[in-house]
Structure formats: C-alpha cells, structure tokens
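This report concerns only the one structure given below.
Chain letters run A, B, ... following the sequence lines, proteins first, then strands; residues in each count from 1.
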Protein chains: 2
Amino acid sequence: MPPFTPTQRPPSAAVPPTETAPAVDATFLEGLIGYNARRAALAVISVFLERMAPYGLRVVDFSVLTLIAHNPGVTSRQLSSALAILPPNLVGLVRQLEERGLIEKRPHPHDRRAQGLYLTAAGERLQGEAQSVVASLETEAITHLTEEERRTLIGLLRKVYQPAG
Amino acid sequence: MPPFTPTQRPPSAAVPPTETAPAVDATFLEGLIGYNARRAALAVISVFLERMAPYGLRVVDFSVLTLIAHNPGVTSRQLSSALAILPPNLVGLVRQLEERGLIEKRPHPHDRRAQGLYLTAAGERLQGEAQSVVASLETEAITHLTEEERRTLIGLLRKVYQPAG
DNA sequence: TATTGTTATACTCTATAACTATA
DNA sequence: TATAGTTATAGAGTATAACAATA
C-alpha cells in the first residue's frame with residue numbers, strides 16, 4: 001500500500017501557468033488510466049496541501065497520524081508495510097512528529113525490540129481536526145462529483161489495483 | 001498537466017512484501033479518492049515499467065516520445081508545460097533520447113531561439129512499438145475492467161481534475 | 001537464523017537562480 | 001522587457017547495506 005504522496009512541497013507555483021505556447025496534442029496519453037489517475041491524484045493532493053498547511057501536515061504526516069489514531073500501539077514496521085514507506089525513511093518522519101509532541105513511543109507489550117506508537121492529547125486534537133477537514137474536502141472542494149459518482153469512482157479504482165479484492 | 005510518472009525506477013522489489021506484521025486498519029484512507037487514485041496509478045505504472053523495460057523507456061521517456069510523435073516539431077517549452085516538467089529537468093531527458101538516436105533537433109522555422117523536436121526513423125519505430133504495447137496493456141493486463149467501466153473511470157477522473165472541462 | 005529499529009549513504013526527482021541568445 | 005534553452009545547484013523522495021538488540 002503506497003503512501004498517499006507524490007510531490008510534497010508546500011503549495012508552490014510548480015510549473016508556472018505558461019499558457020503562452022500553443023497546447024500540444026496529448027490525446028493518446030489522455031486515454032490512459034494511469035495518466036488520468038495520476039492527474040486526479042495530483043489535483044486532489046494539491047488542494048490537500050493547501051488546506052493542511054495551517055496544520056503543518058504533509059500527506060505522509062497525515063497518513064501516519066491517521067493510521068496511529070485508528071491503530072493505537074501500531075509499530076513502525078506496520079506503518080512501513082501499510083504505507084509502502086521503507087523503514088529507514090520512516091525514522092525521521094516519526095521522530096519529527098514525536099518532537100512536535102504529536103505522538104509518543106511506548107514499549108511493546110510482547111516484543112522488546114518493537115515500540116508501540118500512540119497519539120498524545122495534542123496529537124489526537126490535531127489529527128481529529130485534520131481528518132474533519134479532509135473528510136469535507138472529499139465531497140466539497142476537490143471532487144465535483146455526486147456521492148454516487150464518488151463511490152463508483154472509488155470502486156473502479158480499487159478494481160484496478162486490487163483485481164482479486 | 002503532470003508527468004505520467006511517480007517513482008521511476010526499473011521494476012524493483014520496492015518495499016518487500018512483508019506480510020508478517022498484521023495489517024492495520026486503513027479504512028479512512030481507503031475512502032479517499034486521492035489515496036485510491038494514487039494506488040491505481042502506481043499499480044498501472046508498475047506493470048508499465050515491466051513491459052517497457054525491453055525498450056529502455058521510463059514513463060517520462062514514453063510520454064515525451066509520444067508527444068513528439070503526435071506533434072512533430074514540438075518545442076522543449078511546449079513539452080514542459082504539457083507534461084508539467086520544468087525546463088531545466090527536461091534538458092537531460094531530451095539529451096539522452098537524442099544520444100540514443102531516437103529524436104533530433106531542428107531549427108525552428110520562425111523562432112531562432114527555439115528548436116523543433118522530431119523522431120528519427122529509429123525513434124518512430126520504437127515509439128510505435130511502445131505505443132502498441134501500452135495500448136494493449138490498457139485493456140488486457142492492467143485494467144480488469146470492461147470497456148464501458150474503463151470509459152466511465154476515465155470520465156470520472158477527468159471530472160476530478162478538470163471541473164470545468 | 002530472522003526481525004525491529006536504526007545509521008549512513010546514494011540515487012532519482014523536483015525546484016530555484018541565473019546566464020545566453022534571441023524576440 | 002520577455003521568452004527558449006541551458007547550467008549549476010539545492011532540496012525532497014526513495015533506495016540499499018549494515019549494524020545492535022531482541023526474537
């Protein structure tokens with residue numbers, strides 16, 4: 001399961017809207033699912049970054065906080081496989097959230113190698129607010145779809161990456 | 001318009017299938033369009049990279065070759081805005097394709113600053129083969145969707161990133 | 001012997017600043 | 001003054017190897 005995160009910069013200009021040059025024919029690419037899926041993901045994530053800026057959260061940060069919120073005591077190794085982030089790359093991310101006082105590590109009950117991750121009170125507050133904003137974004141600003149279209153879209157996307165499921 | 005390209009490595013293990021740790025509850029993330037769009041794009045691109053390996057093409061390379069094929073004489077600046085690749089990052093990419101003998105630069109008819117990009121004979125051969133493979137991938141292996149579902153999916157994705165279009 | 005978490009490190013991708021030559 | 005193409009460079013993101021502690 002991949003991280004919900006391509007380019008994670010604060011909302012910036014990124015390729016300025018140079019509409020000067022005449023548009024090119026991109027018909028073939030526009031007929032590909034991967035191309036459209038990526039563009040849609042980038043569009044959604046762009047709005048996501050704007051709205052999460054006040055909370056100082058990138059997409060990975062939100063994903064990690066949300067998984068911890070819904071899975072108290074989850075280990076770094078579990079986050080790694082759940083978000084397709086390699087363990088070494090999770091170290092700094094977790095440390096930063098810890099230094100911000102949003103999460104804390106506690107000894108794992110059965111395995112002294114592992115550490116359970118938990119939200120602090122501040123972390124729960126922040127994650128809760130962020131999740132509300134994201135939930136409303138999903139229907140409001142980002143997606144110009146009816147609720148039925150939204151469900152259809154998610155179902156079809158799942159079918160693409162989970163042929164069996 | 002973004003490049004059709006997240007992680008562009010040759011097909012590698014990427015986060016080994018460590019199914020050891022029990023799965024975590026990712027329900028909330030799984031209900032988000034951006035999350036699912038990204039996963040679908042990654043799944044499609046993963047197969048894409050496998051099939052394009054024989055041609056030595058990454059997704060960006062294919063995108064550039066295809067745009068040049070369908071827009072002979074297109075400029076680097078046009079590719080930049082069409083694929084959301086910043087001009088400096090396009091220089092090396094174009095140079096490599098040129099060194100491989102797949103494309104060539106010719107002086108622009110009206111603007112002596114610009115250069116028109118064209119496929120060579122070898123480039124046309126390669127791009128043609130690659131495009132065929134990609135086209136068949138779209139219906140066969142990757143997408144376990146009916147043709148109607150495929151069209152619905154693309155339509156809904158467009159609606160997400162092109163609210164007006 | 002295998003796994004958790006970690007350090008160190010390298011490679012790719014993406015971004016900005018600044019230059020040149022033309023417009 | 002603005003644009004096309006380029007160089008140099010910095011910063012994210014992602015990858016591998018190897019280690020200590022524990023299983």
Side-chain angles (χ1 to χ4, degrees), chain A residues 2-22 38 42 45-46 49 58-61 63-64 73-81 83-96 98 105-117, chain B residues 2-22 38 42 45-46 49 58-61 63-64 73-96 98 103 105-117:
Chain A
F4 178 29
T5 137
T7 298
Q8 302 213 334
R9 303 284 172 84
S12 75
V15 179
T18 304
E19 305 298 352
T20 320
R38 177 158 169 73
L42 287 179
I45 287 166
S46 164
L49 288 178
R58 296 167 304 169
V59 184
V60 265
D61 299 320
S63 300
V64 165
V74 69
T75 67
S76 179
R77 191 64 193 78
Q78 284 175 306
L79 290 180
S80 170
S81 64
L83 294 172
I85 298 173
L86 292 166
N89 299 331
L90 214 54
V91 175
L93 203 162
V94 166
R95 179 163 42 220
Q96 286 178 338
E98 200 182 3
K105 296 174 180 173
R106 300 185 205 158
H108 191 282
H110 312 307
D111 189 336
R112 278 187 299 170
R113 292 172 305 182
Q115 314 170 68
L117 299 173
Chain B
F4 178 28
T5 135
T7 298
Q8 303 214 333
R9 305 284 169 83
S12 75
V15 181
T18 304
E19 305 298 353
T20 320
R38 176 157 169 74
L42 287 178
I45 287 165
S46 164
L49 288 178
R58 296 168 304 168
V59 184
V60 263
D61 300 320
S63 301
V64 166
V74 69
T75 67
S76 179
R77 191 66 193 78
Q78 285 176 304
L79 291 181
S80 170
S81 63
L83 293 173
I85 298 175
L86 293 166
N89 299 330
L90 214 58
V91 175
L93 203 162
V94 166
R95 178 161 45 216
Q96 285 178 340
E98 200 181 4
I103 67 176
K105 297 174 179 172
R106 300 186 206 157
H108 191 283
H110 311 307
D111 188 339
R112 276 187 302 168
R113 294 171 304 179
Q115 313 171 68
L117 299 174

Just by modelled atom types, is the A:Val59 backbone N or O under 3.5 Å from a matching donor or acceptor in the A:Ser63 side chain?
-> yes
Is the phosphate of C:dT6, meaning OP1 or OP2, less than 4.0 Å from a side-chain N or O of A:Gln115?
-> yes
Heavy-atom distance under 4.5 Å between the side chains of A:Leu93 and A:Arg58, does that happen here?
-> yes
Nearest-Å distance, CG (A:Leu49) to P (C:dT14)?
-> 15 Å
Just how far, in rounded Å, is C1' of C:dT22 from NE2 of B:His110?
-> 16 Å
Heavy-atom pair of closest approach, residues B:Leu117 and B:Thr75 = CD1-C, 4.4 Å
Residue A:Pro87, side-chain atoms from C-beta onward, closest of C:dT6, C:dT14, D:dT22 | C:dT6
Mark yes or no for a side-chain to base donor-acceptor pair under 3.5 Å between B:Arg112 and C:dT22, with no hydrogen or angle criteria applied.
-> no
Hey, which sits more toward the 5' end of DNA chain D by its nearest nucleotide, B:Lys105 or B:Arg113?
-> B:Arg113
Side-chain N,O (A:Arg95) to OP1/OP2 (C:dT7) below 4.0 Å | yes
Spacing between A:His108 atom NE2 and D:dT22 atom P, to the nearest angstrom | 15 Å
Side-chain atoms of A:Ala114 come closest, of C:dG5, D:dT14, D:dG5, to C:dG5
If every non-hydrogen atom of A:Gln78 is compared with every non-hydrogen atom of A:Val74, which pair is closest and at what distance?
-> OE1-CG2, 3.2 Å
Would you mind reading off the distance between B:Asp61 atom CG and C:dC13 atom P, rounded to a whole angstrom?
-> 9 Å
Can you tell me how far P of D:dG5 sits from CG of B:Leu86, to the nearest Å?
-> 14 Å
Between C:dT16, C:dG5, C:dT22, which nucleotide gets closest to the side-chain atoms of B:Pro88?
-> C:dT16
Rounded interatomic separation in angstrom, taking CG from B:Leu93 and P from C:dT12 | 13 Å
Roughly, in whole Å, what's the span from CD in A:Glu98 to P in C:dT6?
-> 9 Å
Given side-chain contact (heavy atoms from CB on, under 4.5 Å), test B:Val60 with B:Leu83 step by step and report yes or no.
-> CA-CA 9 Å; B:Val60 263; B:Leu83 293 173; 5.9 Å; no
What does A:Asn89 touch in the nucleic acid at a heavy-atom separation under 4.0 angstrom: a base, only the sugar-phosphate, or nothing?
-> base
Separation of A:Leu117 atom CG from C:dG5 atom P, in whole Å?
-> 8 Å
